[in-house]
Structure formats: C-alpha cells, structure tokens
Q: 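Pasting a structure below so you can have a look.
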Amino acid sequence: MSKIFIFGGSGRVATELIKDLVADGNEVTAAARHPENIIKLDHVTADKLDLHTSVDKIADQIKGFGIIYFTAGSRGKDLIQTDAMGAIKTMMAAQKVGVQRYVMLSSMFSLNVDKWHEIPSLEDYLAAKFFADNYLMDSTHLKYTILQPTNLTETPGTDRISLDNTSSKENSIADVAKVLAEVIKYPSTVDKVIEMTSGSTPIDEALKGVK
C-alpha cells in the first residue's frame with residue numbers, strides 16, 4: 001500500500017485513476033480547487049488546493065506522501081498558472097518535503113516542438129506542457145514518469161495499448177488512467193517519457209517492455 005497524492009483530483013482522468021489506485025489497495029488524497037467534485041470512495045480523502053498558491057503551502061499538504069500524480073489541467077483557461085507553473089510548483093514542493101516518485105500526465109508531442117504545427121489548436125497547451133515536462137526532467141531529482149497520451153475519449157477501456165505512437169490517434173480515458181496506476185509498479189518506467197495510444201498490447205505486457 002502506498003500513500004498517494006493527486007493534483008487535479010476532480011478531473012476525468014483522475015476520477016478513473018482514483019478508482020484504480022484504491023482497487024490496488026492504496027490510500028489516496030485527491031486535491032482540487034473544488035473538492036466537492038472529487039469522487040467519494042472509501043480510502044479517498046478530498047482536499048482543497050488551488051495551484052495559484054505558494055510552494056510552501058503545497059509542500060505542507062503533501063508531507064508524508066510517497067507518490068505524487070499531476071493530472072491537473074485548465075483546458076486552455078489558465079495555461080501558465082495551472083498547466084505550466086502550477087505543475088512546476090508541485091515539483092518544487094515534492095523535492096522540498098522529500099517525496100521522490102512523481103508521475104506526470106502530459107500530452108503527445110509536448111516535447112517534440114516540430115510536431116506542434118500539426119495541431120495548431122493545441123500549440124499553447126503543448127508549450128505549457130513543454131516547460132513543465134522539461135523542468136521535471138532537467139531541474140529536479142524526482143523519480144519521474146511522464147505519460148504522453150494522444151486525444152482522450154470517453155469510450156470504454158480495452159486494457160490494451162500501444163507504445164509505438166503509430167497505432168491510433170486516440171486513447172480511452174479509462175486506459176490512460178490504468179496506465180498511470182500501473183507505472184508505479186514497474187521500476188523500468190522511472191525517468192522515462194512514455195508515449196501511448198490505443199492498441200492491441202495488454203497494458204501490463206506493454207509496461208514490462210519499457211526499457
């Protein structure tokens with residue numbers, strides 16, 4: 001069992017992630033600006049947190065946790081303070097209180113600037129994720145995993161994915177959440193950027209193959 005803290009705990013991916021983490025026997029604290037929107041389950045604590053707050057305040061809230069997930073997103077409404085600096089402040093806070101494992105929900109192509117022109121409607125979002133992802137990799141000592149799915153869909157999960165970035169332009173939210181929940185079980189996913197789409201490989205098999 002792990003004590004896990006989730007930023008962006010009321011979102012679509014986080015809701016499914018919480019279910020998976022609890023099913024695996026973990027204790028979860030999920031934080032959001034509106035904690036009343038966080039799913040209500042046993043072994044889940046809802047916490048109020050605004051990413052506009054200080055690093056010190058965030059650090060106080062995450063003391064004692066072993067694993068951090070960042071799944072927050074502003075859907076284009078607050079890219080600098082939420083998607084970019086909000087994420088970076090959580091990394092600073094994690095280092096400050098000694099949390100080591102940090103899992104970031106990012107986006108396909110966030111680190112591939114040459115691809116941004118293919119999806120012009122998302123260029124500002126990808127830029128925000130670019131800065132957050134690079135800070136995590138280059139400016140922290142956290143044991144990170146950065147998961148980069150493509151378009152999220154509210155379709156049933158298949159428990160099957162592809163990590164070759166060629167199979168599909170979509171991901172079921174349920175499958176993305178399942179991969180997020182599973183990566184903490186595989187030491188080979190530490191300090192890795194993982195691109196995923198829907199596919200035909202069982203999730204556990206795909207993650208076992210991460211080198």
Side-chain angles (χ1 to χ4, degrees), residues 1-2 4-9 11-26 28 30 39 66-73 83 87 91 99-116 118-119 122 125-126 129-130 132-134 136-138 140 142-211:
M1 181 199 77
S2 296
I4 296 174
F5 194 99
I6 301 175
F7 292 98
R12 297 180 299 168
V13 174
T15 298
E16 297 303 315
L17 172 60
I18 291 166
K19 295 176 188 176
D20 291 332
L21 291 173
V22 169
D24 283 342
N26 298 295
V28 176
I39 187 171
I67 300 170
I68 298 293
Y69 281 92
F70 189 89
T71 66
D83 301 72
M91 299 168 202
V99 179
Q100 292 194 349
R101 192 72 167 96
Y102 189 105
V103 183
M104 166 68 83
L105 174 60
S106 186
S107 179
M108 188 75 75
F109 302 142
S110 69
L111 297 171
N112 190 344
V113 178
D114 290 338
K115 291 281 190 178
W116 292 3
E118 297 180 12
I119 38 177
L122 292 180
Y125 169 69
L126 291 171
K129 299 306 288 186
F130 172 87
D133 291 355
N134 272 292
L136 179 56
M137 293 187 296
D138 299 336
T140 78
L142 298 167
K143 296 179 180 178
Y144 68 83
T145 302
I146 298 173
L147 183 66
Q148 297 184 324
T150 185
N151 298 327
L152 303 181
T153 63
E154 295 183 358
T155 52
T158 65
D159 287 332
R160 292 175 179 272
I161 60 171
S162 172
L163 301 184
D164 62 12
N165 189 17
T166 61
S167 298
S168 172
K169 293 183 178 180
E170 295 184 345
N171 287 114
S172 160
I173 288 171
D175 286 339
V176 172
K178 186 70 171 178
V179 173
L180 288 169
E182 292 293 311
V183 295
I184 60 175
K185 302 175 183 178
Y186 295 91
S188 62
T189 67
V190 171
D191 296 342
K192 296 293 196 310
V193 177
I194 300 173
E195 296 180 333
M196 70 168 284
T197 66
S198 59
S200 59
T201 306
I203 288 173
D204 60 344
E205 182 179 328
L207 293 178
K208 285 176 184 175
V210 172
K211 304 297 184 185

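Heavy-atom basis, side chains included; hydrogens, waters and symmetry copies ignored.
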Q: What is the minimum heavy-atom distance between Lys143 and Asp191, and which atoms define it?
A: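 Lys143 and Asp191 have their closest heavy atoms at CA-OD1, 3.8 Å.
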Q: Roughly how far, to the nearest 0.5 Å, is OG1 of Thr140 from CG of Asn134?
A: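 Answer for the CG-OG1 pair, Asn134 versus Thr140, is 11.0 Å.
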Q: So which atom in Pro149 and which in Ser106 form the shortest heavy-atom distance, rounded to 0.1 Å?
A: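 So the minimum-distance heavy-atom pair works out to CD-O, 3.6 Å.
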Q: Give the intermediate values and the outcome of side chain to side chain contact (heavy atoms under 4.5 Å, CB included) for residues Tyr69 and Ile18.
A: CA-CA 10 Å; Tyr69 281 92; Ile18 291 166; over 6 Å; no
Q: How many angstroms lie between CG in Leu163 and OG1 in Thr197, if you round to the nearest 0.5 Å?
A: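 With rounding to 0.5 Å, CG (Leu163) is 8.0 Å from OG1 (Thr197).
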Q: Take Glu182 and Asp24 through the side chain to side chain contact (heavy atoms under 4.5 Å, CB included) test and state the conclusion after the steps.
A: CA-CA 9 Å; Glu182 292 293 311; Asp24 283 342; 3.9 Å; yes
Q: Measure the CG-CD distance between Leu152 and Glu170 for me, rounded to the nearest 0.5 Å.
A: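 Those atoms lie 10.0 Å apart.
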Q: Mind checking the CG-CG spacing from Leu180 to Asp20? Nearest 0.5 Å is all I need.
A: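 So the CG of Leu180 and the CG of Asp20 are separated by 9.0 Å.
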Q: Can a donor-acceptor pair be found, under 3.5 Å and without considering hydrogens, that links the side chain of Lys129 to the backbone of Leu111?
A: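 No, because the side chain of Lys129 does not come within donor-acceptor range (under 3.5 Å) of the backbone of Leu111.
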Q: Would Ile6 and Leu21 satisfy side chain to side chain contact (heavy atoms under 4.5 Å, CB included), going step by step from the backbone distance to the final call?
A: CA-CA 11 Å; Ile6 301 175; Leu21 291 173; 3.9 Å; yes
Q: Under 3.5 Å, side chain of Asn171 to main-chain N/O of Thr150, donor-acceptor pair present?
A: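 Here the side-chain-to-backbone pair exists.
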Q: What's the spacing between Met104 CE and Ile146 CD1 if we round to 0.5 Å?
A: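 Separation between the atoms: 6.5 Å.
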Q: Does any N or O in the side chain of Thr158 come within less than 3.5 Å of the main-chain N or O of Arg160, such that one atom is a donor and the other an acceptor?
A: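 Side chain of Thr158 to backbone of Arg160: a pair is present.
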Q: Of all the heavy-atom pairs spanning Met91 and Ala132, show the shortest one and how long it is.
A: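 Heavy atoms only, the tightest pair is CE-O, 3.3 Å.
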Q: Listed by chain and number, what are the side chain to side chain contact (heavy atoms under 4.5 Å, CB included) partners of Ile119, not counting sequence neighbours?
A: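 For Ile119 the side chain to side chain contact (heavy atoms under 4.5 Å, CB included) partners, ignoring immediate neighbours, are Phe109, Leu122, Leu126.
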Q: To the nearest 0.5 Å, what is the distance between CD1 on Ile161 and OG on Ser172?
A: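 OG of Ser172 is found 11.5 Å from CD1 of Ile161.
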Q: So Trp116 and Phe130, would you call those rings parallel, tilted or perpendicular, with 30° and 60° as cut-offs?
A: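 The arrangement is perpendicular - the two ring planes meet at more than 60°.
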Q: Can you pull the side-chain hydrogen bond (donor to acceptor under 3.5 Å, both in side chains) pairs that have at least one residue in residues 202-211, sequence neighbours excluded?
A: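 Matches after skipping sequence neighbours: none remain.
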